[in-house]
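These notes concern the structure reproduced below.
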There are 2 protein chains.
Amino acid sequence: MSCGQNQGMTTSPADKPVGLRERKKARTRAAIQDHALRLFTEQGYAATTVEQIAEAAEVSQSTFFRYFPTKEDTVLYDRLDPVLIEHFVNQPADVGPIAAIKAAVHAVFRGLSAEEAELEAVRQRLVISVPDLRAKLFEQFTEGMRMLHDAILRRLGRERDDFAVRMWTGALTGVILAAYVTSIEEGGDFLEYIDRGLTQFERGLPL
Amino acid sequence: MSCGQNQGMTTSPADKPVGLRERKKARTRAAIQDHALRLFTEQGYAATTVEQIAEAAEVSQSTFFRYFPTKEDTVLYDRLDPVLIEHFVNQPADVGPIAAIKAAVHAVFRGLSAEEAELEAVRQRLVISVPDLRAKLFEQFTEGMRMLHDAILRRLGRERDDFAVRMWTGALTGVILAAYVTSIEEGGDFLEYIDRGLTQFERGLPL
DNA sequence: ACGAAAAATGGTAGCTACTATCAAAAGGTA
DNA sequence: TACCTTTTGATAGTAGCTACCATTTTTCGT
């Protein structure tokens, strides 16, 4: 529940009205986030005030907080998680869970436009350098994992309290998070790290 | 770095002076935390102000923030992590890493006094019910895991950038976190869940 | 096309977590 | 006792965030 909206993505085909109102809202949201990220990289996260962001985006502070419940959410608002889950559940049933995750991650990240990819890179840089943002990232990660947990339970036809699935999903969360952090710290392609990590996971995480 | 102190624990034997000053400080710290947790459970976390806590503990707000850098830290200040690490590294070298973790966790949690255990229980209840606290808990968890990662690298004699170890530690983090959350949600003995989780992990997390 | 309903915006006021600074008090030491 | 160090409290200020209300803007029914 990091942010209660599901706005227009390039994936699911048109189940939402696209009147003038919606377009304006999307533009305002994008403007706020763009200026926020720009100011954060220019002068630092803490040194940038919400007032400055609102002014740059030409909206009032009231409006700012209507679009982003917290200052942190301008960085961490993640439109990718629900899309990932959707891709995951749409994988054919005979595909194993790890392979399904790989496919979903690839589908989503390969489908990113140049601007979206750049935005993602900026976000990642900010997230690792600001402790407050890291904390929220982890929460968001585990929130996404909770969704994935549900999807896996359904996929495997298990009960909610299945302990083995809980541990399995927990470990999977940890692997993905570790791969994510590694890719940011070491630099390089995120997808490659994810693939290597998931492959390790499939093999029982040999040391 | 959730909190920069290492105050007196029941473990390492006396390498610090115990003048009147130190005793007063310990009493003040305990008073603040006790009143904070009491007020949180009585009237809710958000509804309790730092002013109220300071007043109840009979200190000024200035003093409050000297002892706890943030309001969250009254709940999340974790003295257990460093102790856990210490127990872990002190395990004999021929013990496998999982067994060493099990031993360390048991040693620490079995050694808790009744009050400490009760405090821990209150903390756990608060942590799962308040989103802000959950976020910080995750950060603290991964911070502890980073320390564990270093310890494991040394134990195995691996290089820092060893990818297999990174993934392994990440998965281990996820399993412990999952066991932790499960024990709080389902109720029951934390140690039992940890043992079951770690055993699953050793077996390659079968589904 | 017009008017009403609904939604988005801006402005103001206010609360609270947190910081910075400095003088006063308490504790330690010779 | 006298001196030095540490701890405390008071004050003032910043910034994130909320609540509330009046105004504007978009949508929709007729």
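This one's a predicted model, so the numbers in the text were calculated from it and none came from an experiment. Just so we're on the same page: letters track the sequence lines, and every chain starts at 1.
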Query - Row check, B:F201 ring normal vs B:R196 NZ/CZ: under 6.0 Å, within 45° - result: no
Report task. Indicate the atoms forming the closest heavy-atom contact of B:V75 with B:R123, along with that distance. Result -> O-NE, 2.9 Å
Query raised in the report: Under the side-chain hydrogen bond (donor to acceptor under 3.5 Å, both in side chains) rule, what pairs show up with a residue in residues 40-49 of chain B, not counting sequence neighbours?
Result: B:R38-B:E42
**Report entry** Geometric class of the A:F190/A:Y180 ring pair [parallel <30°, tilted 30-60°, perpendicular >60°]
**Finding:** perpendicular
Query - Interatomic distance, A:R23 CZ vs D:dT26 P [rounded to whole Å] - result: 11 Å
Query raised in the report: Atom CD of B:Q43 and atom C1' of C:dT16: how far apart are they, to the nearest Å?
Result: 14 Å
Report task. Sugar-phosphate means primed atoms, P, OP1 and OP2; the rest is base. With that split, encode nucleotides 8-18 of chain D 5' to 3' as B, S or - using protein heavy atoms under 4.0 Å. Result -> BBB-----SBB
Query raised in the report: B:K136 has an atom NZ; how far is it from atom C1' of C:dC18, in whole Å?
Result: 12 Å
**Report entry** Heavy-atom pair of closest approach, residues B:G197 and A:M167
**Finding:** CA-SD, 3.7 Å
Query raised in the report: Whole Å only: how far is the CZ atom of A:R21 from the P atom of C:dA7?
Result: 7 Å
Report task. Would you kindly check if the NZ (Lys) or CZ (Arg) of B:R146 is within the cone defined by 45 degrees around the ring axis of B:F141 and under 6.0 Å from the six-membered ring centre? Result -> no
